[in-house]
Amino acid sequence: MNRSLRHQISTALVTTFAPLVLIVPAHAATKAPAGATAVLAVLETSDLHANVVGYDYYKLAAEPSIGVDRTATLIKAARKEFANTLLLDNGDTIQGTAFADYQALVKPPACNEVLGIYKIMNALGYEGGTVGNHEFNYGLPFLNRVTGSQFQVKGVDKGTRCAGPAFPIVLANVNSLQTKAPLFAPYQIIDKKITARGPDGKPVETLVKVGIIGFTPPDIMAWDKRWLEGRVVTAGVRETAEKYIPEMRKKGAQLIVALAHGGLDDAPYSPAMENANWHLAKVPGIDVMLMGHAHQLFPNADSTVSQFNLPGVDKARGLVHGVPTVMPSQWGKHLGVVQLHLAYNGKTWSVDKDKTVVEARATQTGPKTFVEPDAEVVALVRAEHEATIAYVKTPVGRSAFRMTSYFADVGDPSALEVVNRAQAEYVSNYVKTNLPQYAGVPVLSVSAPFKAGFPSVADYTDVPAGDLALNNAADLYLFPNSLYAVKVDGAGLKAWLETAAQRFNTIDPAVAAPQELVNTRFPSFNFDTITSKDVSYEIDVTKKPGERIVNLTYLGKPVAPAQAFLVATNNYRASGGGGFPGLDGSNVVIASPDNNRDILIAHIRAAKELTRASHGAARSWRFARVETKGQVVFHSAPGLEGLAREAGLNNVSQVKADDGSGKGTALYAVDLSK
C-alpha cells in the first residue's frame, strides 16, 4: 500500500472516530456566578506501554486483559456519565511491546506521520500528558521526532518539527544541558470549558483554568545513561514542584494536577528519589496527583503493597496527605477517575475534598469477562498491528538445539540457561557502568520453569531447534516481569535454594511403592534454578524441607555464610513474591526499567547462534545420590526419553505412556542412585 493511500485511509478513520471526542459547545463561555458548582472528572491512563490493542505479540494471540482498545470503552462511558471530563496520560506510553519496537527500530513513522499510540490518543481527545522513564529508551532524537518537539540538546536535529500528539506534553524536572531550560514545557494551563450549575440550579457554560505539571524519575540518568549523559540533567521532584506551582498559580491556574510518573516512598527525601510522590503530595497547591510507574492499583482498600500502607496514605479513599490520588495499574487495564466537586466563590474554583471520589475502573468485568473493545481504535492502527505480527515472526537468532521444560524438574537446563545467561550478563554490564562499588561481587542468576505441565501436556516450554523469532521469547520467559538484582550472602543464597527445593516431596528410600517426586502444591515458577558452571549444589530429597541443599560450592570451594553475591532475578521474586526468606525488597541493588523478556531477546540477537554447549549444558544442581527400594516417579509428555538423553539425563525412563491423569502426560521414573 503506498503512503498516499495509507494517509487517505488514516484520515478517514480519524473522521469516523470523531464521536469519541468530547464535543464542547461552540458558544463563548461566561464567567460563573458566585455559588456555582460543578463536577469535573479527571481521567487518567498510565503505563500503557504501547499496548494499543488486546493482543500478545509474543504469544501471537488475542489477550483481552490489556489494550487501549478497551480503555477507550471506559473513556467513552465516563464521558457519557460526566458532563465534564479532562483526559490525561501519565507516561510510559510509547515503549513496551513489539508494536512499539517495530515503530521505533524497524519502521519509524515519517516526519508527517503520527506514532500509532499517539494516533489513538489524538482521536480519543487527550488534553495533556507527561513522559515516563521508558519514553527515553529509544533515545532523544526519536523522542524529539515522535512528540513533535524541537529539543535543544546535543545530537538532535534542529530541523523540521514533525507530527506528534495533538495535546501538550509537560515535564518539569528534566532540563537541557545546552539551554538549562526544561526539555519539554514544564507545565501548561488549560482553559477548560465546563458546564456548571449556578446557585439557581440553571446550567452555565464557563471556564476553569487547569494547570498540569509533569515529573519523571530522576533515575533515567542511570537507566538510559547512553542516551542522556552529556545532554540533559534531572532535578528533584519536590523542589521542582516548589519552584513551578506558585508560578502556575500566579499565572491564573485555579486547579493544579500533578502528572507524577512514580510511586510512594516515605524514606527521607532525596532529589534522586525514584518514587517521590509521598513527599510531592505535601507541596502546597496540588489539587490532584496522578501516579504511575509502579504498575499498581490505587486506590485499593485490600492492597498489601507497602507503599500504599504508609502514614498519610488512605488506600481506600485514594488520598495521599489529603490530596486525591489515583494510579490505574498498567497496559490499559484500568482508567483512573477522580471526581472533583468544585465550588466557585466569585473569584476562583476550589475543591470540596469531602465530596471528591477517587476510583480506578477496570476493563475486566468478571473472572474471564471484559468490556468490549472499541472497533474504531483497532481500525486506526490495523496496518501497524499487522506489520508488527509479521515482524515478531522474523528470526532474531538461531538455536542448534531444542529448548524445553519437559525435564526441568529432574535437571534439564535447556530452557533456563539462556534466560540466566541473559540476566547475568545484563547485571554484570550494569554494575560495570553504574555500580563500581559492586565490581568484585560475583553475579549469579536464577530462573524457573514457568511451564511444567500443570494443567495439561500442552503446558510446557518447547522451542524447536532452528530460527528463533521474537514470539519464541514468550515460550522461554512467560511473564512480563522486570529484571531486579538483589545482594545476598551465602547463607541467604542457601536459604533461597532451600525454598526452591520445596518443589519436591520427601522421599523415603525404604518404601517399595512408587513415590511421587514433585510436590504439585509448590508451583513450578517458584522452582528457582541456577545454571552456571561456577556453582554446584545437590538436592537431597530424602531430607525434610529446609535441610536439602548440600555441597553448595562456588568456583569449587564451599560457599561461606557471609560470602556476598548479586543475584539476578525479577521484580516479583525480589519484592517478596513466593515468600522466599530475605527477599522483601529491602536488599534490591538494581530495579531495572527493562523487562526480562526484552533482555532475553537482546541476548539472543547478540549471540546469534545458541548451542547446547554454550546455552544448554550448565547444570548447577543434581539430586544427591541415594538407593531407593521403589521407583521415584514424575510426569511429563510421552515418548521423550531421547530428549532426556540429549540433555544428559541418563537416569530417566518412561514407565507408562499414559499416566491416567487425563492430561495427556506419561509416567516417568528417575533413578536417584545415578
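Computed from a predicted model, the values in this text were never measured in an experiment.
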*Mind running side-chain contact (heavy atoms from CB on, under 4.5 Å) on L517 and V410 for me, showing each step along the way?*
CA-CA 9 Å; L517 174 68; V410 290; 3.7 Å; yes

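- Using a 4.5 Å heavy-atom threshold, the side chains of T404 and T461 count as separate.
- For E372, there are no salt bridge (Lys or Arg N to Asp or Glu O under 4.0 Å) partners at least two apart in sequence or on another chain.
- Nearest approach of P449 to S405, heavy atoms of both residues: CB-CB, 4.4 Å.
- In this structure, the side chains of F308 and N300 stay at 4.5 Å or more apart for every pair of heavy atoms.
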Cut-off 3.5 Å, no hydrogens considered: what does the side-chain donor-acceptor table look like for residues 549-566, sequence neighbours left out?
unit_1	atom_1	unit_2	atom_2	d
N551	ND2	E538	OE1	3.3
Q563	OE1	A560	N	3.2

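- Applying the salt bridge (Lys or Arg N to Asp or Glu O under 4.0 Å) rule to pairs touching residues 570-594 yields D528-R573, sequence neighbours excluded.
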*Take Q103 and I117 through the side-chain contact (heavy atoms from CB on, under 4.5 Å) test and state the conclusion after the steps.*
CA-CA 10 Å; Q103 289 213 290; I117 185 69; 6.0 Å; no

*Would you sort out whether Y537 and I530 count as a side-chain contact (heavy atoms from CB on, under 4.5 Å), showing the intermediate values?*
CA-CA 9 Å; Y537 60 100; I530 300 173; 4.2 Å; yes

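- What you find for A424 and V443 is that their closest heavy atoms are O-CG1, 3.8 Å.
- Between the side chain of N133 and the backbone N or O of D219, no donor-acceptor pair lies under 3.5 Å.
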*Please report the C-alpha distance between F142 and W227 in whole Å, then the side-chain angles of each, then the deciding distance to 0.1 Å, and finally whether the ring-ring contact (aromatic ring centres under 6.0 Å, His included) criterion is met.*
CA-CA 11 Å; F142 181 79; W227 297 120; 10.0 Å; no

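- Among pairs with a residue in residues 585-609, those fulfilling ring-ring contact (aromatic ring centres under 6.0 Å, His included) read H603-H615, at least two apart in sequence or across chains.
- Inter-residue side-chain proximity for W331 and S65 is flagged as unmet; no heavy-atom pair is nearer than 4.5 Å.
- Counting only residues at least two apart or on different chains, no salt bridge (Lys or Arg N to Asp or Glu O under 4.0 Å) pair has a member in residues 435-447.
- Residues E498 and R548 meet the side-chain proximity criterion, which asks for heavy atoms closer than 4.5 Å.
- Residues D101 and Y391 are in side-chain contact: their nearest non-hydrogen atoms beyond the backbone lie under 4.5 Å apart.
- The closest donor-acceptor contact from the side chain of N587 to the backbone of K487 lies under 3.5 Å.
- A distance-only check finds a donor-acceptor pair linking the side chain of N505 to the backbone of V518 [under 3.5 Å].
- Side chain of N420 to main chain of V446: a donor-acceptor pair is present (N/O by atom type, distance under 3.5 Å, no hydrogens or angles).
- Counting non-hydrogen atoms of other residues, nucleotides and ligands closer than 6.0 Å to NZ of K543 gives a total of 12 or fewer.
- Atom CD of E609 sits about 12.0 Å away from atom CD1 of I604, to the nearest 0.5 Å.
- We find the CG-OG distance between N596 and S482 to be 7.0 Å, quoted to the nearest 0.5 Å.
- Taking the side chain as every heavy atom from C-beta outward, Y102 and E384 never approach each other to under 4.5 Å.
- Under a 3.5 Å cut-off, the side chain of E135 and the backbone N or O of D92 do form a donor-acceptor pair.
- Legend: residues meeting side chain to side chain donor-acceptor pair (under 3.5 Å) with E516, ordered by chain and number and at least two apart, are H635.
- The six-membered or imidazole ring of F522 lies away from that of F504, with a centre-to-centre distance of 6.0 Å or more.
- Taking both residues in full, the closest heavy atoms of P413 and G411 are given as CD-O, 3.1 Å, listed atom of the first, atom of the second, then distance.
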Table please: side-chain donor-acceptor pairs of residues 647-656 below 3.5 Å, with sequence neighbours left out.
unit_1	atom_1	unit_2	atom_2	d
N651	ND2	D671	O	3.2
Q654	OE1	G639	N	2.7
Q654	OE1	Y668	OH	3.2

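- Partners of R421 according to the salt bridge (Lys or Arg N to Asp or Glu O under 4.0 Å) rule, which considers only residues two or more places apart in sequence or in another chain, do not exist here.
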_Pair S592, Y426 - check side chain to side chain donor-acceptor pair (under 3.5 Å), show working._
CA-CA 10 Å; S592 168; Y426 181 96; 2.8 Å; yes

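- Side-chain contact between Y406 and Y460 is present, with at least one heavy-atom pair separated by less than 4.5 Å.
- The closest donor-acceptor contact from the side chain of W496 to the backbone of F580 lies at 3.5 Å or more, if one exists at all.
- Interatomic distance, F454 CZ to F525 CZ, rounded to the nearest 0.5 Å: 10.0 Å.
- No side-chain heavy atom of D47 sits under 4.5 Å from any side-chain heavy atom of M327.
- When all heavy atoms of P638 and V457 are compared, the pair lying nearest together is CD-CG2, 4.2 Å.
- Sorted by first and then second residue, the salt bridge (Lys or Arg N to Asp or Glu O under 4.0 Å) pairs with a member in residues 610-628 read R612-E646; sequence neighbours excluded.
- Between the side chain of T363 and the backbone N or O of T71, no donor-acceptor pair lies under 3.5 Å.
- Within the 3.5 Å criterion, the main-chain N or O of I389 finds no donor-acceptor partner in the side chain of E386.
- For the atom pair CG of D467 and OG of S399, the computed distance is 10.5 Å after rounding to the nearest 0.5 Å.
- Taking T394 as the reference, nothing meets the side chain to side chain donor-acceptor pair (under 3.5 Å) condition, with sequence neighbours excluded.
- Between atom CG of residue L476 and atom CG of residue L416 there is a gap of 9.0 Å, rounded to the nearest 0.5 Å.
- Between the side chains of T97 and N51, not a single donor N or O lies within less than 3.5 Å of an accepting N or O.
- Not counting sequence neighbours, N472 has no partner by the side chain to side chain donor-acceptor pair (under 3.5 Å) test.
- With hydrogens and angles disregarded, a donor-acceptor distance shorter than 3.5 Å links the side chain of R597 to the backbone of L478.
- Closest approach of L60 and K393 over heavy atoms only: CD1-CE, 3.9 Å.
- Salt bridge K451/D475: present, at least one basic N to carboxylate O contact under 4.0 Å.
- The closest donor-acceptor contact from the side chain of T529 to the backbone of F527 lies under 3.5 Å.
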*Show your working on side-chain contact (heavy atoms from CB on, under 4.5 Å) between F623 and V632 and close with a plain yes or no.*
CA-CA 12 Å; F623 291 114; V632 177; over 6 Å; no

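- Of all the heavy atoms in P545 and Q502, the pair that sits closest is CB-CG, 4.1 Å.
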*Check the pair D459 / K663 against salt bridge (charged side-chain N to carboxylate O under 4.0 Å, His left out), numbers first and verdict last.*
CA-CA 10 Å; D459 184 52; K663 296 181 179 181; over 6 Å; no

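- Under the salt bridge (Lys or Arg N to Asp or Glu O under 4.0 Å) criterion, D409 pairs with R503, not counting sequence neighbours.
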